[in-house]
Asks: 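Before we start, here is the structure in question, set down as structure tokens.
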Amino acid sequence: MHIKQELTERHVLTLTVDNEAGTLARIAGMFTSRGYNIDSLTVADISEDHTTSRITIVTRGPPPVIDQIIAQCERLIPVHKVTDLTEAGPHVERELALVKVRGTGDQRVEAMRLADIYRARVIDATVNSFIFEITGGPDKIDTFVALMREVGLVEVGRTGIVGLMRGAEGS
Amino acid sequence: MSEDFTVPEKSGAEILIDTLIEQGVDTVFGYPGGAVLPIYDALFQHTKIRHVLVRHEAGAAHAAEGYARSTGKPGVVLVTSGPGATNAVTGIADAFMDSIPLIVLTGQVATNLIGSDAFQEADTVGITRHCSKHNYLVKDPADLASTVREAFAIATKGRPGPVVIDIPKNVQVATASTDVKRATSSRFNPAGEADYAEINRAVELLANAKAPILYTGGGIINSGPDASAALRELAELCGAPVTSTLMGLGAYPASGDAWLGMLGMHGTYEANMAMNQCDVMLCLGARFDDRVTGRLDAFSPDSIKIHIDIDRSSINKTVRVDLPIVADVGAAIRQMIEVWKGRKYKAAALDDWWARIKGWRAVDCLSYAGSTQEIMPQYAIERLFAATKDKAPIITTEVGQHQMWAAQHFHFDAPNKWLTSGGLGTMGYGLPAAVGAQMGNPDALVIDIAGEASIQMNIQEMATATQYRLPVKVFILNNEWMGMVRQWQELTYESRFSESYSDSLPDFVALAEAYGWKGIRCSDPAKLDDAIAEMLAYKGPVMFDCRVHKTSNCFPMIPSGAAHTDMILHSDEVSGTMDDEAKALV
């Protein structure tokens with residue numbers, strides 16, 4: 001007997017939650033305990049009075065599992081609202097990455113040239129290193145990081161995705 | 001110049017007790033320890049709350065479950081930090097799976113010690129986070145009252161469940177103003193009535209069905225006695241047969257004409273065949289558990305499925321349904337009755353359907369080979385039922401064969417009379433649950449139908465029954481085996497009985513006497529009725545060691561990974577092995 005694998009879809013979910021101790025653990029732990037995937041997760045306080053946070057989770061699963069993930073999130077007491085951006089229609093996704101490269105001579109020039117093409121900004125420089133700041137969709141960042149590997153990548157930090165619906169309406 | 005504000009201040013412990021009383025709590029099941037001493041001291045000075053001292057914290061949680069399920073009120077547990085809390089975890093998880101309202105108050109080390117590996121420190125909120133409906137760590141006594149109020153609302157409303165409140169010792173001692181009126185939270189808004197468009201559609205489907213079935217579950221019990229009454233009326237109106245999960249027994253009376261018996265792995269042939277062959281399935285407060293559905297791709301393949309549940313995450317979780325309705329099941333059934341009557345529907349002609357059901361009933365799936373030499377376990381349950389059915393007993397069980405035989409052969413006509421660990425399947429549940437049920441129903445006949453293995457898992461609670469003079473009866477079907485394990489080993493592992501023999505059993509009669517109980521032993525079917533009568537006549541607690549046939553199997557049975565139509569009946573030859581796919585299923 002072998003374990004069967006199922007085809008999965010990528011979905012971006014946003015959750016409006018109470019900003020209180022344990023909320024993130026509750027949500028992240030629910031994903032773990034029910035065997036759901038988390039590709040990325042970001043969380044930050046978004047309200048004037050610091051009572052509400054917004055969590056963006058990128059997850060993967062067959063459609064019935066995605067539906068179940070949303071239902072399980074909604075069942076948690078501190079979760080007020082769950083939106084499936086992937087299902088809801090046109091939306092934007094952005095991620096920020098900080099990318100450190102080390103090198104001299106041609107390698108350094110090439111890193112700078114690629115950064116320019118990808119509209120990455122230099123936010124730190126020494127005679128033999130740069131830190132680039134780049135924002136964009138996950139594909140763009142993946143590609144940029146892959147290129148930087150060729151020219152002396154030291155390390156990379158990524159924020160994970162945040163997303164909003166396009167147009168004038170809130171989600 | 002200071003104004004004379006005389007805002008009364010109270011300790012966290014006093015605020016807690018006051019708020020419990022305000023919430024209508026009259027009974028608390030608990031066990032003291034270092035981190036809850038301030039609460040126990042406050043409790044000492046109040047007379048409105050009875051504290052039941054259990055002998056193990058697992059017993060406290062199960063007793064609170066028994067109290068909650070038999071009374072409809074939330075059960076309250078009070079235990080200390082560290083091992084007190086971790087011992088209660090099984091009961092919390094059990095209540096979470098079976099949707100039982102509990103408030104679990106746990107002591108915690110002082111806030112300044114949290115995280116320092118202090119004596120009797122455990123991360124209680126971390127440990128209980130995914131086996132409770134919600135939990136809190138209260139860091140300020142000023143937050144206690146509002147937290148407790150919200151906890152009661154969360155535990156009891158919507159789909160009920162356990163809520164844990166972890167209270168550090170310094171928060172119990174520190175004082176706060178008692179007139180703190182914080183805005184009560186409105187963040188928890190469970191579903192109520194259903195949308196009428198959906199109800200209309202459900203009624204239409206039911207009224208036009210040729211082979212309908214009502215598949216009912218524990219949600220009806222949780223919705224309250226009105227929901228059970230409504231179910232009976234709906235069944236009467238539509239003329240459909242009714243089956244139920246293990247959790248829902250009693251919602252529809254077993255003596256009712258439309259009753260098919262329990263469905264699922266050890267359900268009746270007629271219930272499972274009717275589920276398989278129906279054209280419209282109305283699922284009321286049940287959740288398509290794997291023990292109910294059997295093999296999913298063969299589960300009721302041709303039916304239109306309507307699912308009413310208060311918890312949206314229960315809908316479409318394992319079985320895709322055609323008409324999902326998120327609502328309180330009691331309210332939704334009332335709405336269906338209203339629409340049915342308003343539109344003057346008549347029950348469809350279901351004669352053909354009932355004729356088929358009659359054919360399935362004729363299989364007589366619960367029959368078993370009788371014996372005049374030995375007590376057959378099914379026979380023991382039948383005789384216990386016959387002797388007690390007019391006394392409206394509350395039955396609790398442990399987990400295993402005896403539990404399934406009780407579900408099959410003991411018949412329930414009212415809700416809140418059947419307390420069993422369904423979802424989690426917790427051995428050791430029945431005795432403490434009986435203690436809790438008896439505390440909540442002092443005049444009721446409370447019987448724990450047990451197995452000789454399960455009963456030993458929380459046997460220390462015999463002392464609790466003795467202390468509070470609770471006349472609970474423990475009826476042990478003693479076959480000297482962990483019977484359900486033995487049965488599965490016989491059916492799937494070619495009778496390799498790995499570690500399933502109950503060796504070195506205590507003398508249950510002597511044990512009963514040691515705890516101040518009465519002990520009765522019976523192994524002769526001819527003497528069984530008299531022995532049961534003796535048990536029932538005794539005013540105090542009784543442990544009944546019923547020696548039954550040792551290797552009886554519980555049938556009918558849908559084997560692991562099989563469809564509803566592939567039931568094993570008692571007369572069938574059963575093979576001794578299974579393929580890996582079947583073995584891997586639970």
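These values consider heavy atoms only, across backbone and side chains, with no hydrogens, waters or symmetry-generated copies. Lettering follows sequence order; numbering is per chain, from 1.
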Asks: Is the CZ atom of B:R129 crowded by more than 12 outside heavy atoms at less than 6.0 Å?
Replies: yes

Asks: Using a heavy-atom cutoff of under 4.5 Å, enumerate the residues of residues 304-322 of chain B that contact chain A, numbered in order, or state 'none'.
Replies: B:D311, B:R312, B:S313, B:I315, B:N316, B:K317, B:R320

Asks: Measuring only between side-chain heavy atoms, which start at C-beta, is B:H134 closer than 4.5 Å to A:R26?
Replies: yes

Asks: Under a 4.5 Å heavy-atom cutoff, which of A:P78, A:A25, A:C73, A:A21 has the most pairs with chain B?
Replies: A:A25

Asks: Counting only heavy atoms from other residues, nucleotides and ligands, does the tally under 6.0 Å from CG of B:D297 exceed 12?
Replies: yes

Asks: Below 4.5 Å, heavy-atom pairs only: which of A:G22, A:A71, A:P64 has the largest tally toward chain B?
Replies: A:A71

Asks: Relative to chain B, which of A:I70, A:D67, A:I69, A:V65 shows the most heavy atom pairs under 4.5 Å?
Replies: A:D67

Asks: What part of B:H130 gets within 4.5 angstrom of chain A, counting heavy atoms only: side chain, backbone, both, or neither?
Replies: side chain

Asks: Just wondering, are more than 12 heavy atoms of other shown residues or ligands nearer than 6.0 Å to NZ in A:K140?
Replies: yes

Asks: Does A:D49 have more than 12 heavy atoms from other residues, nucleotides or ligands lying within 6.0 Å of its CG?
Replies: yes

Asks: Against chain B, label A:Q72 side chain, backbone, both or neither, depending on which of its atoms sit under 4.5 Å from a heavy atom there.
Replies: both

Asks: For A:R121, does the CZ atom sit with more than 12 other heavy atoms under 6.0 Å from it, leaving out its own atoms?
Replies: no

Asks: Within a radius of less than 6.0 Å around CG of A:L7, do more than 12 heavy atoms belonging to other residues, nucleotides or ligands occur?
Replies: no

